[in-house]
Q: 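Dropping the structure in here first, questions after.
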Amino acid sequence: MERLHADRPAGGEHPTGGKRPHEGLPADGERPRADAARSTDRPPGAGHSDDRRPGTGIPDGRHPGTSHPDGRHPGTGLPGAGHPGGLAAALALARSSRVPGTDTSAGTAVPVRSGPPLPVPAPGPAELDLEALLRLSLAASDASGRLRPAASAGALHPVDTELVVGAGCSLPPGRYGYDPLRHRVHRLGPPPDGTPPGATAELSVTARRTASHYGHRALPLLLLDTGHAAAALLLAARASGAVEAEPVLDGATEHPLAAVRVTPPGPVRSSPSRQPAYVPAPEELVTRRSDPPPLPGTPPPDALRAVLAAAAAAGGDDLRWCVAVGPPEPGLLEVAPGGAALRRCAAGEARPTLAAWAAGQAWIADAGAVLLARGCPEDADAPHLRRAHLRAGFAVHLAHLTARRHGLAARPVGSWQRADLGAALGAAPGRDWIVHALALGTRRAGPAAPGAAPHRVTVAVTRHAPRSPSGTGGAPAARGPAPDSPPRSGPADKAPPDTRRTDEENTP
C-alpha cells in the first residue's frame, strides 16, 4: 500500500489562505486576471538553472523575440525542440514541482498574415461548408477572443490553423490561414499538387502564448490544446453535414502537430461493424463551456461508464483510462471487459492527492469524480510523447461532450506535476503518468465558508483485483490516519500546492 499526502483546507480553500488556483485547461474564454496574486520561485529577471533566458518560459534557451531555426514565426514550435534533451527533457521539467516565474509577453493572439482578410462564403450545392466548420470549432464568439468552443489552458489559445482546400468546398482551392478572432481567412498560396477534394485543417502552435503564463509547464498544455482543437473540428464536421472527418494525431511531426481531413457532403457510407457516430446539434457545440469549480456530486454509474467509454474509444493505444470517485467506496474505477459495467481497479480516496498533483487545485479534492488519462512513460520518444498528449486532449474533449449529454458538470484539467500514478499504486516508477483529466460533478456548490481552517488529508490507495467484475462493487476502501495524525512520507509530500496566479474569469 502506498500512502500519499495532500494539504487541503477545510471546505476546499487554498492552504495558504489565498485565492483558489484553477490551473489546467480552463477553456472557453477563461483568462487569468492580471491583478490576481501569484508567488514565484525567482525574482523578476533572474536567471534559471534550466538554461531558460530571463523573461521567457521556453526551456530551450530560445528567447521568443528571436527567429525560429526553421524561419517560422518567433515563438512557434514546441518548447524543448532545440534543447539537447529534446521534448523528453522539457516534459520532465513540466512534470516537476518547479513553479513558473513571472508572466512574459504572450505576443499576438493570432499570426500576422499578409493579404486582405477574406470572409468564408456560404457553400453551394454539395460543397463542404467551411464557414460552419470553422464557426462551430475554432471561431471566437466576441472580439476579445475569450469565448471559443475548444478548451485552452488559461484561455491563451496557442493553436494556429491553416486550411489546405481542394475541390468541392465553399472556398476556392488553395492554402489559407485562419483568423479565429475575425472569422476570416488569408489566402497564402495555391494548394499542393494532388490535393484531394475537401479540406484539411493543419494545426500548429505558437508556444509563446502559453509559455508566457505557464513557463516551463507549457509543453503538455500546448499538445493537449491541439488535441482539443482537433476534436472540436471533428464534431463541427459532423454537425455541419460533412460525410467524413479523419483526425491525424500520430505525433509524427511538429509542424503541423495534427490535422483533420474533412470530405465534402455525399452519400453516407456505413459499416456494420462500427457504431454510428454521434452527430451533435450546432447549438450544442457553440454553447459548450467548462463548468467553474466546485463540481460536487458523484455521477451515476451509467454516466461514468459512458464518459469512460467515450474517452477510451478516442484515446488510442498509448493511454489507459480510469475514474477516481469518493465515498461510499472511494477508489479508481475502469470499464470492465465487454464495456457493460464498471469494476474497481484500486481502493482508497485519491482525489486530495490529485488536487495536490494538479498544481494545488484544492477544489479537485471535492469533485464528484475525476476522469484520468494515464501513460506516456518518461523514456517515451518524441512521436510517442506528442501522440499521447494529442490523443488525451482529443479524447477528453469528446468525453466532455458525453458528460454534458448526461447532464454532468465537467471541467478539463491539464497541468499535472509529480503525478506518477503507477508508482503511487505500487508499480515501477516513471511508467504511468497522469497526462490529462476531466473533473466531473452533478451540480455546482457555493463557495466555502470564510475563515475555514485548513487541515491535512491523508490518502491511501491500494491496488487490488476487483471483487465484482460485473458491477461497481469492490474491496473496502483502504483507510489512512485521521486528519490530525502525523504525516507519513510519500511522493506528494515533496509537491506543495502551487500558489502562483491562476485565477480565471468564468464566462458563460
Side-chain angles (χ1 to χ4, degrees), residues 1-6 8-12 291 293-309 311 321-336 339-358 361-372 374 399 403 406-411 413 421 424-426 434 437-446 448-449 452 455-485 488 490 492:
M1 180 170 63
E2 182 75 17
R3 293 196 179 276
L4 309 178
H5 307 280
R8 180 170 68 93
D291 291 287
L295 306 179
T298 302
D302 285 350
L304 288 178
R305 186 171 65 250
V307 171
L308 271 167
W321 298 85
C322 63
V323 61
V325 297
E329 290 187 287
L332 302 181
L333 306 178
E334 63 186 8
V335 176
L342 298 177
R343 69 178 183 183
R344 191 170 301 274
C345 56
E349 177 60 277
R351 293 171 303 163
T353 294
L354 296 177
W357 283 345
Q361 297 182 79
W363 63 271
I364 293 174
D366 299 311
V370 186
L371 173 72
L372 300 171
R374 349 166 7 192
H406 283 77
L408 303 181
R411 182 181 185 88
V413 183
L421 185 59
L425 296 174
I434 294 176
L438 182 69
L440 302 164
T442 59
R443 63 190 186 277
R444 299 189 185 99
H455 66 276
R456 173 172 290 272
V457 175
T458 302
V459 183
V461 178
T462 306
R463 179 189 296 275
H464 62 81
R467 285 176 53 189
S468 178
S470 61
T472 58
R479 296 187 179 183
D484 57 351
S485 299
R488 295 274 301 274

Q: Of all heavy-atom pairs between Val325 and Ala369, which one has the smallest distance, and what is that distance?
A: CG1-CB, 4.1 Å

Q: Side-chain atoms of residues 299-307: list all donor-acceptor pairs with protein atoms under 3.5 Å, sequence neighbours left out, distances to 0.1 Å.
A:
{"residue": "Asp302", "atom": "OD1", "partner": "Arg305", "partner atom": "NH1", "Å": "3.3"}
{"residue": "Asp302", "atom": "OD1", "partner": "Arg305", "partner atom": "NH2", "Å": "2.8"}

Q: Please report the closest heavy-atom contact between Leu308 and Leu333, naming both atoms and the distance.
A: CD1-O, 4.1 Å

Q: Looking at every heavy atom in both Glu329 and Arg344, which two are closest together, and how far apart are they?
A: O-NH1, 2.7 Å

Q: Looking at Leu425 and Arg374, what are the two nearest heavy atoms and their distance?
A: CD1-NH2, 4.1 Å

Q: Under the side chain to side chain contact (heavy atoms under 4.5 Å, CB included) rule, collect the residues that match up with Ala437, sequence neighbours excluded.
A: Val370, Leu372, Val413, Trp416

Q: Would you indicate whether the side-chain heavy atoms of Ile434 and Leu354 approach each other to under 4.5 Å?
A: yes

Q: With heavy-atom distances below 4.5 Å as the criterion, would you say the side chains of Trp357 and Ile364 are in contact?
A: no

Q: Check for a donor-acceptor pair, side chain of Asp366 on one end and backbone N or O of Pro296 on the other, with a separation under 3.5 Å.
A: no

Q: Provide the closest heavy-atom pair for Gly297 versus Arg443 in the form atom of the first, atom of the second, distance.
A: CA-NH1, 3.3 Å

Q: Kindly give the heavy-atom pair with the smallest separation between Cys322 and Leu332, and that separation in Å.
A: SG-CD1, 4.3 Å

Q: For the backbone of Ala336 and the side chain of Arg343, can you confirm whether one donor and one acceptor N or O come within less than 3.5 Å of each other?
A: no

